[in-house]
Amino acid sequence: MVHILNLQTQKRNQWIDITSLIEGFLQNFQFKDGVAIIYCPHTTAGITINENADPDVCRDLLRRLDELCPWDMAQDRHGEGNSAAHLKTSLMGSSQTVIVKDGRLLLGRWQGVYFCEFDGPRSRQCFVKFIG
């Protein structure tokens with residue numbers, strides 16, 4: 001079974017902590033042990049795992065990604081004008097796999113799973129599959 005997370009982003013660049021939403025699926029379906037695959041089907045949004053204790057980490061990473069991938073590059077030829085979003089998505093990746101143990105995501109103390117928006121605001125989806 002594939003679980004769908006429907007998300008509404010509010011900004012062009014935004015990270016949304018989806019850890020608790022995924023763990024809610026684990027509890028609802030009483031999934032205990034295996035792996036969770038979290039996948040983003042969008043070419044301008046991705047999935048990453050990073051610190052979720054200090055919000056400055058997300059702000060700093062978004063700022064640094066903007067420095068690496070600026071929106072106003074005259075050399076970019078993509079007709080939609082969102083080459084920066086595609087590049088950021090490729091850097092983050094479209095999926096993450098996390099071990100599930102005793103009904104919980106086996107993340108580090110400070111880690112969380114993030115949906116990474118790079119071309120918002122938009123209505124987005126993210127898919128979660130548990131394999132045990």
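Below, each value reflects all heavy atoms present in this structure, side chains not excepted, and no hydrogens, waters or symmetry copies.
Side-chain contact between I18 and Y114 is absent, with no heavy atoms from C-beta onward closer than 4.5 Å. No side-chain heavy atom of T48 sits less than 4.5 Å from a side-chain heavy atom of L61. L65 is listed as a side-chain neighbour of M92, based on a closest heavy-atom distance under 4.5 Å. At least one side-chain heavy atom of L5 sits under 4.5 Å from a side-chain heavy atom of F25. Looking at heavy atoms from C-beta onward, C58 lies out of side-chain contact with N50 at the 4.5 angstrom threshold.
Other residues, nucleotides and ligands contribute at most 12 non-hydrogen atoms within 6.0 Å of the CD atom of Q30. Heavy-atom neighbours of R63 CZ from other residues, nucleotides or ligands within 6.0 Å: above the threshold of 12. Within a 6.0 Å radius of CG in L68, other residues, nucleotides and ligands contribute more than 12 heavy atoms.
Both V98 and M1 are part of a single hydrophobic cluster, where members link through side-chain heavy atoms under 4.5 Å apart. By the criterion of side-chain heavy atoms lying less than 4.5 angstrom apart, applied directly or through intervening Ile, Leu, Val, Met, Phe, Trp or Tyr residues, V100 is not grouped with F127; the two fall into different hydrophobic clusters. Tracing side-chain contacts under 4.5 Å through hydrophobic residues (I, L, V, M, F, W, Y), one reaches V113 starting from L7; they form part of the same cluster. L91 and L62 fall within the same hydrophobic cluster, where Ile, Leu, Val, Met, Phe, Trp and Tyr residues are linked whenever their side-chain heavy atoms come under 4.5 Å apart, directly or through other members.
Across every non-hydrogen atom of I47 and C40, the tightest pair is CG1-CB, 3.7 Å. Across every non-hydrogen atom of I22 and F130, the tightest pair is O-CZ, 4.0 Å. Nearest heavy atoms, K88 versus N13: NZ-OD1, 3.2 Å. Between Q8 and S123, the closest heavy-atom pair is OE1-OG, 2.6 Å. Here the closest non-hydrogen pair linking P41 and Q125 is CD-O, 3.3 Å. The shortest heavy-atom contact between N52 and G112 is ND2-CA, 3.6 Å.
Between the Q111 side chain and the L107 main chain, no donor and acceptor come within less than 3.5 Å of each other. E23 places a side-chain N or O within 3.5 Å of a backbone atom of L105 that can act as its donor or acceptor partner. Side-chain atoms of E117 never come within 3.5 Å of backbone atoms of F115 as a donor-acceptor pair (strictly under, hydrogens ignored). Distance alone, capped at 3.5 Å, is enough to place a donor-acceptor pair between the D33 side chain and the D102 backbone.
Remark: C126 SG to H42 NE2 distance equals 8.0 Å, nearest 0.5 Å. Between W71 atom CH2 and D66 atom CG the span is 9.0 Å, to the nearest 0.5 Å. Between the CZ atom in R124 and the SG atom in C116 there is a gap of 11.0 Å [rounded to 0.5 Å].
A donor-acceptor pair shorter than 3.5 Å cannot be found between the side chains of R12 and T44.
A salt bridge links D56 with R59: at least one charged nitrogen is closer than 4.0 Å to a carboxylate oxygen.
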Task: Worked verdict on V128 versus L21 for side chain to side chain contact (heavy atoms under 4.5 Å, CB included) - done: CA-CA 10 Å; V128 181; L21 299 172; over 6 Å; no

Open item on the list: Using side chain to side chain contact (heavy atoms under 4.5 Å, CB included), reason through T97 and Y39 one step at a time and then give a plain yes or no.
Closed with: CA-CA 9 Å; T97 303; Y39 171 72; over 6 Å; no

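Just one residue in the list T9, T43, N82 forms a side chain to side chain donor-acceptor pair (under 3.5 Å) with D119, and that residue is N82.
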